[in-house]
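One-based numbering along the sequence shown. Note that this is a predicted model, so its numbers are computed, not measured. These values consider heavy atoms only, across backbone and side chains, with no hydrogens, waters or symmetry-generated copies.
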Amino acid sequence: MDSDDSEQERLIFIITLPLSSIIILANLLIIVGIACNRQLHNTPNYFFLSLLVADLCTGVALPFIPWMGLNRTLDLHACLFMHIFPNFLFLSFLFNLVMVHYERYLCIVSPLHYSQFWVHRCFPAALLTVWMPPLLYASLPAFGWNNWNSGSHQNSSLDSNSTSYSSAGGLDSGNCSFGRCQDDEICSYKQILPKEFIYLEVYGLLVPAILCIIGMTGRVLWITRKQVKDICKLHRAVERQDASDHEQKLNLRYAKCLAAVSIIFLLCWVPYIIYLHVSVQILRGKRNNNPNLSIILSCTGIGSMAIIPVILGLANRQYTEPMRKLLKKLRDGWTGVQNLEAAAS
């Protein structure tokens with residue numbers, strides 16, 4: 001049992017630490033790039049900045065999320081914190097991601113009335129919308145919606161974990177006497193997060209959010225394709241000789257955009273959707289005979305989603321301008337030093 005525990009802990013650190021480090025550093029670089037450029041201090045970039053902060057917090061919490069599937073020896077308050085805080089950070093990240101997509105969707109769908117929508121006129125309210133509901137929902141177990149005092153549920157969770165997960169605290173059958181264990185010290189997600197809570201979060205928050213993002217992205221691509229066709233028709237009507245060149249350039253740009261969206265969906269969304277499906281199947285009562293697979297799916301699924309803001313930020317040259325200038329100065333300085341050394345020798 002101890003070897004299984006150490007193996008799972010080592011697997012969690014091996015996967016999460018590189019992902020977490022990349023997410024944190026990349027988000028910090030983009031945040032600095034936005035903060036240093038005053039031309040980027042506007043409402044759309046404030047929404048994206050909020051997303052970067054949420055993504056940064058998700059990167060910090062990423063190493064602790066797989067631990068929610070393992071048993072540990074903790075008291076009630078520590079166990080609540082270890083489950084509520086990562087859940088709040090991830091939900092706030094997802095809400096911020098939906099808000100950024102919604103804000104850009106409004107910009108494309110209604111560009112003339114873009115500044116009149118509530119997300120711009122009531123920016124503080126929109127910001128509270130993406131932070132307060134996740135905090136309130138994630139805190140529900142702290143207000144009593146948990147199974148901590150349910151002895152039967154704790155015993156069943158111990159029996160199920162004896163075949164799947166090992167206790168991080170090193171508890172085994174030798175710690176039980178007269179058919180009972182130290183239930184008040186064993187921290188498991190089954191004791192903090194009831195099935196109803198998880199189902200409501202998955203089918204009431206996560207799935208609708210994913211469908212909204214996919215729907216808005218598909219609508220934007222459809223509008224973009226229609227605009228490309230209209231522009232090509234206009235070019236063919238005005239400049240017949242150069243129309244083919246303009247049309248090819250526009251179609252090439254649209255094809256690149258479509259390929260980028262497809263790659264992001266395959267690399268970032270598909271792993272999380274698979275992880276979500278497997279988690280729901282395990283929750284429905286199917287045994288988890290491979291806990292290492294669950295750890296890998298949870299780390300890669302949530303980590304791949306956290307990469308989305310990093311990709312969007314690095315794709316914008318305005319966000320990375322300060323870092324590129326700094327790298328250029330360092331390169332020029334290094335080249336100058338090498339030239340001086342060569343001249344001296």
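Here OG1 of T224 is found 10.0 Å from CG of L258. Values are rounded to the nearest 0.5 Å. With rounding to the nearest 0.5 Å, the separation of CZ in F95 from CG in L51 is 13.5 Å. In this structure, CG in L76 is found 6.5 Å from CG in N146, a value given to the nearest 0.5 Å. From Q318, atom CD reaches atom CD of Q39 across 7.0 Å, with rounding to the nearest 0.5 Å. Distance check: F143 CZ to I84 CD1 gives 8.5 Å after rounding to the nearest 0.5 Å. A distance of 8.5 Å separates CD of Q191 from NE2 of H83, quoted to the nearest 0.5 Å.
L106 and L211 fall within a single hydrophobic cluster, where Ile, Leu, Val, Met, Phe, Trp and Tyr side chains are chained together by heavy-atom contacts under 4.5 Å. The hydrophobic clustering, which links ILVMFWY residues whose side-chain heavy atoms are closer than 4.5 Å, places V32 and L49 apart. If you chain together hydrophobic residues whose side chains sit under 4.5 Å apart, L128 and L136 never meet in one group. Residues L267 and L314 do not share a hydrophobic cluster, clusters being chains of Ile/Leu/Val/Met/Phe/Trp/Tyr side chains in contact below 4.5 Å. Cluster annotation: I263 and V310 are assigned to distinct hydrophobic clusters (Ile/Leu/Val/Met/Phe/Trp/Tyr, side-chain heavy-atom contacts under 4.5 Å, transitive).
Considering all non-hydrogen atoms of both residues, M99 and V119 come closest at SD-CG1, 4.0 Å. Annotation for L297 and T300: closest pair O-OG1, 3.4 Å, computed over non-hydrogen atoms. Taking all atoms of both residues into account, the shortest heavy-atom contact from L19 to G303 is CD1-CA, 4.3 Å. The two residues P63 and I12 make their nearest non-hydrogen contact at O-CG2, 3.7 Å. Pairing each heavy atom of F48 with each of P309, the nearest pair is CZ-O, 3.6 Å. Closest approach of I34 to L40, counting heavy atoms only: CA-CD1, 4.0 Å.
Using a 4.5 Å cut-off on side-chain heavy atoms (C-beta onward), L312 and Y319 make no contact. The shortest side-chain heavy-atom distance between W118 and T129 falls under the 4.5 Å cut-off. With a 4.5 Å cut-off on side-chain heavy atoms, L206 and E201 count as touching. Residues Y46 and L127 fail the side-chain proximity criterion, which asks for heavy atoms closer than 4.5 Å. Here the side chains of I23 and I307 are in contact, with some heavy-atom distance below 4.5 Å. When side chains are defined from C-beta on, M305 counts as touching L94, because their heavy atoms get closer than 4.5 Å. Residues F85 and L80 have side chains not in contact (no heavy-atom distance under 4.5 Å, counting atoms from C-beta outward). Side-chain contact between C299 and L62 is absent, with no heavy-atom pair separated by less than 4.5 Å.
Within 6.0 Å of atom OH in Y137, more than 12 heavy atoms from other residues, nucleotides or ligands are found, so the atom counts as buried in its surroundings. Environment of NE2 in H41: crowded, with over 12 heavy atoms of neighbouring residues, nucleotides or ligands closer than 6.0 Å.
With S298 contributing its side chain and S294 its backbone, the two residues share a donor-acceptor pair below 3.5 Å. Within the 3.5 Å criterion, the main-chain N or O of C268 finds a donor-acceptor partner in the side chain of S304. Side chain of H101 to main chain of C212: no donor-acceptor pair is present (N/O by atom type, distance under 3.5 Å, no hydrogens or angles). Judged by distance alone, with hydrogens and angles left aside, the side-chain atoms of N96 form no donor-acceptor pair with the main-chain N or O of F47 at under 3.5 Å. N147 contributes no side-chain N or O that, together with a main-chain N or O of I192, makes up a donor-acceptor pair within less than 3.5 Å.
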Task: Pair F265-I214, side chain to side chain contact (heavy atoms under 4.5 Å, CB included): steps then yes or no - done: CA-CA 9 Å; F265 179 78; I214 294 175; 4.0 Å; yes
TODO: Give the C-alpha distance, both sets of side-chain angles, the deciding distance and a yes or no for side chain to side chain contact (heavy atoms under 4.5 Å, CB included) between L200 and L205.
DONE: CA-CA 7 Å; L200 181 59; L205 297 178; over 6 Å; no
Task: Trace of the side chain to side chain contact (heavy atoms under 4.5 Å, CB included) decision for I213 with Y102 - done: CA-CA 8 Å; I213 293 175; Y102 178 65; over 6 Å; no
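For W145 and F197, the ring centers sit closer than 6.0 Å to each other. Between F90 and Y272, a ring centre-to-centre spacing shorter than 6.0 Å is recorded.
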